[in-house]
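We number each residue from 1, following the sequence as shown.
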Amino acid sequence: MALNKKKKNQQTSVRSIIANDNPKSPIAEQYRTIRTNLQFASVDKELETMIVTSAGPSEGKSLTTANVAVVFAQQGKKVLLVDADLRKPTVHYTFRADNTSGLSNYLVRNRSLKELAKESRVENLDLLPSGPIPPNPSELLGSTMMEKLIEEAKEHYDMIIFDTPPVLAVADSQVLSKFVDGALLVVRSKQTEQEAAGKAKEQLEQSRANILGVVLNDMDVKDSNYYYYYGN
């Protein structure tokens, strides 16, 4: 499903959450279509937890994650957006939030979720920033404390969405994928090589991730900027 295109340099210079800032725009409408497709992709049970990852860096993963979180919140779901990129976090930049504490504090058992979750400017959407960058991200993300976080968050939220690092860069996304209902893969047209996209998909499958679909950014079609599809 295509999304209308904005100027390409805005992707990097301005972190506009278009689903919130311009909800009547064609792009926001296509994010809502992605939301619907994700819900249909999880047919056996209601989608409650998911990661969003990419093959490599600079593929629009974090902005996609933010906008998907927003459209779920706009649907009336209580959403928690977790910045699980404990290497290069961006959620706090996108939402202009404080990042002095967050996920890493919870995972080392020194703060509670109630203390760390922050309200965003979007109704029904709370944030859990990354917090201080730890020396051992993969170990923390695969710990029993992460399982505890998800179970605790489910008591308060309808949807928990994790922004995670690129699959081909580090193992963090694969580690976290075993705890969630599914994974959304983001790739960028003319930047992500087909081989890299295939390898990212294979690595997720090797970790038994349930791949919900793929968002293709900057597809070379008139007035399009994103495309969502599912394929084996």
Side-chain angles (χ1 to χ4, degrees), residues 17 19-20 35 38-39 42 45-53 61-165 170-184 207 209-210 212:
I17 311 170
N20 182 68
R35 177 189 66 198
L38 286 168
Q39 290 170 325
S42 183
K45 56 176 288 189
E46 184 176 359
L47 184 65
E48 295 180 284
T49 57
M50 61 179 285
I51 65 168
V52 184
T53 187
K61 166 185 64 70
S62 292
L63 278 177
T64 297
T65 310
N67 281 283
V68 168
V70 167
V71 294
F72 272 108
Q74 289 172 339
Q75 194 180 39
K77 290 183 180 292
K78 185 66 175 175
V79 180
L80 178 66
L81 173 56
V82 182
D83 195 341
D85 190 336
L86 298 180
R87 301 169 192 269
K88 294 183 178 180
T90 60
V91 167
H92 63 291
Y93 290 127
T94 303
F95 288 89
R96 300 174 179 85
D98 176 52
N99 193 36
T100 55
S101 61
L103 176 62
S104 60
N105 298 98
Y106 183 96
L107 296 178
V108 296
R109 303 171 185 263
N110 69 3
R111 300 284 294 277
S112 69
L113 178 59
K114 184 177 180 180
E115 289 179 277
L116 295 167
K118 299 170 171 56
E119 290 185 357
S120 75
R121 57 191 172 94
V122 179
E123 186 178 1
N124 295 323
L125 176 60
D126 287 354
L127 310 173
L128 181 58
S130 69
I133 295 176
N136 55 341
S138 291
E139 289 81 358
L140 289 179
L141 293 174
S143 67
T144 56
M145 285 302 293
M146 175 56 75
E147 291 185 89
K148 181 182 176 183
L149 169 69
I150 292 173
E151 291 308 309
E152 184 178 349
K154 283 181 178 180
E155 296 176 4
H156 305 283
Y157 298 94
D158 303 307
M159 171 71 73
I160 303 108
I161 301 175
F162 294 88
D163 183 359
T164 64
V170 291
D172 299 8
S173 298
Q174 292 172 268
V175 168
L176 189 53
S177 68
K178 65 183 179 181
F179 297 137
V180 299
D181 298 329
L184 180 65
S207 61
N210 174 28
L212 300 167

J.: One pair to check against side chain to side chain donor-acceptor pair (under 3.5 Å): Asp85 and Ser130. What are the steps and the verdict?
T.: CA-CA 7 Å; Asp85 190 336; Ser130 69; over 6 Å; no
J.: I'd like to check the salt bridge (charged side-chain N to carboxylate O under 4.0 Å, His left out) partners of Lys77; sequence neighbours left out, ordered by chain and number.
T.: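 With neighbours one apart ignored, the set is Glu46.
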J.: Report the residues that fulfil side-chain hydrogen bond (donor to acceptor under 3.5 Å, both in side chains) with Arg121, sequence neighbours left out, ordered by chain and then residue number.
T.: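 Partners of Arg121 under the side-chain hydrogen bond (donor to acceptor under 3.5 Å, both in side chains) test: Asp21.
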J.: Applying side-chain contact (heavy atoms from CB on, under 4.5 Å), can you list everything that pairs with Ala66, at least two apart in sequence or on another chain?
T.: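 Partners of Ala66 under the side-chain contact (heavy atoms from CB on, under 4.5 Å) test: Thr94, Phe95.
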J.: What distance do Thr53 atom OG1 and Leu176 atom CG have between them, rounded to the nearest 0.5 Å?
T.: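 Separation between the atoms: 9.5 Å.
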J.: When you look at Asn210 and Met50, which way does the side chain to side chain contact (heavy atoms under 4.5 Å, CB included) test go after all the steps?
T.: CA-CA 9 Å; Asn210 174 28; Met50 61 179 285; over 6 Å; no
J.: Do Leu116 and Ser101 come close enough that some side-chain heavy atom pair is under 4.5 Å?
T.: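 Yes, side chains in contact.
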J.: Which atom pairs, donor and acceptor, lie under 3.5 Å between side-chain atoms of residues 148-164 and protein residues at least two apart or in another chain?
T.:
{"residue": "Glu152", "atom": "OE1", "partner": "Tyr106", "partner atom": "OH", "Å": "2.8"}
{"residue": "Tyr157", "atom": "OH", "partner": "Asp126", "partner atom": "OD2", "Å": "2.7"}
{"residue": "Asp158", "atom": "OD2", "partner": "Lys78", "partner atom": "N", "Å": "2.7"}
{"residue": "Asp163", "atom": "OD1", "partner": "Lys61", "partner atom": "NZ", "Å": "2.6"}
{"residue": "Asp163", "atom": "OD2", "partner": "Ser62", "partner atom": "OG", "Å": "2.8"}
{"residue": "Thr164", "atom": "OG1", "partner": "Val52", "partner atom": "O", "Å": "3.0"}
{"residue": "Thr164", "atom": "OG1", "partner": "Ser173", "partner atom": "OG", "Å": "2.8"}

J.: Residues in side-chain hydrogen bond (donor to acceptor under 3.5 Å, both in side chains) with Gln75, at least two apart?
T.: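 Residues passing side-chain hydrogen bond (donor to acceptor under 3.5 Å, both in side chains) with Gln75: Gln39.
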J.: Side chains of Met146 and Leu103: does their closest heavy-atom pair fall under 4.5 Å?
T.: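 Result yes, sub-4.5 Å side-chain heavy-atom pair found.
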J.: Is the shortest heavy-atom distance from the side chain of Asn20 to the side chain of Leu125 under 4.5 Å?
T.: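 SC-SC contact between Asn20 and Leu125 ruled out.
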J.: Under the rule for side-chain hydrogen bond (donor to acceptor under 3.5 Å, both in side chains), what residues qualify as partners of Asp83, not counting sequence neighbours?
T.: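 So Asp83 forms no side-chain hydrogen bond (donor to acceptor under 3.5 Å, both in side chains) with any residue.
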J.: Looking only at non-hydrogen atoms, find the nearest pair between Val175 and Ser138 and report the distance.
T.: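 Shortest heavy-atom contact: CG1-O, 3.8 Å.
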J.: What is the minimum heavy-atom distance between Ala19 and Val71, and which atoms define it?
T.: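 For Ala19 versus Val71, the nearest heavy atoms are CB-CG1, 3.7 Å.
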J.: Under the rule for side-chain contact (heavy atoms from CB on, under 4.5 Å), what residues qualify as partners of Thr100, not counting sequence neighbours?
T.: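 Testing Thr100 for side-chain contact (heavy atoms from CB on, under 4.5 Å), a comparison that skips the adjacent residues, returns Asp98.
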J.: Run the side-chain hydrogen bond (donor to acceptor under 3.5 Å, both in side chains) test against Ser143 and tell me which residues pass, sequence neighbours left out.
T.: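 Applying side-chain hydrogen bond (donor to acceptor under 3.5 Å, both in side chains) to Ser143 gives none.
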J.: For Glu147, does the CD atom sit with more than 12 other heavy atoms under 6.0 Å from it, leaving out its own atoms?
T.: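 Yes, because the 6.0 Å sphere around CD of Glu147 holds more than 12 heavy atoms from other groups.
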J.: If you round to the nearest 0.5 Å, how far is CG of Asn110 from CG of Asn105?
T.: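 Rounded to the nearest 0.5 Å, the CG-CG separation comes to 5.0 Å.
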J.: Asn67 versus Ile17: any side-chain heavy-atom pair under 4.5 Å?
T.: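 Yes; the side chains approach each other to less than 4.5 Å.
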J.: For Glu115, check salt bridge (charged side-chain N to carboxylate O under 4.0 Å, His left out) against everything at least two apart and list the hits.
T.: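 Only Arg111 meet the salt bridge (charged side-chain N to carboxylate O under 4.0 Å, His left out) criterion with Glu115.
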J.: Ignoring hydrogens, what is the shortest heavy-atom contact between Leu80 and Ala117? Give both atom names and the distance.
T.: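 Of all heavy-atom pairs spanning Leu80 and Ala117, the closest is CD1-CB, 4.4 Å.
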J.: Can Ile133 and Ser104 be said to form a side chain to side chain contact (heavy atoms under 4.5 Å, CB included), step by step?
T.: CA-CA 7 Å; Ile133 295 176; Ser104 60; over 6 Å; no
J.: What pairs with Lys114 under side-chain contact (heavy atoms from CB on, under 4.5 Å), at least two apart in sequence or on another chain?
T.: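 Per chain and number, Lys114 pairs via side-chain contact (heavy atoms from CB on, under 4.5 Å) with Ser112.
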J.: Enumerate the residue pairs fulfilling salt bridge (charged side-chain N to carboxylate O under 4.0 Å, His left out) with a member in residues 172-183, sequence neighbours excluded, ordered by first and then second residue.
T.: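 Listed by first then second residue: Lys45-Asp181, Arg87-Asp172.
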J.: Would you say that Pro137 contacts Val170 through its side chain, given a criterion of any heavy-atom pair below 4.5 Å between the two side chains?
T.: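 SC-SC contact between Pro137 and Val170 ruled out.
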J.: Could you tell me which non-hydrogen atom of Asn124 sits nearest to which non-hydrogen atom of Gly76, and how far apart they are?
T.: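 For Asn124 versus Gly76, the nearest heavy atoms are ND2-CA, 3.9 Å.
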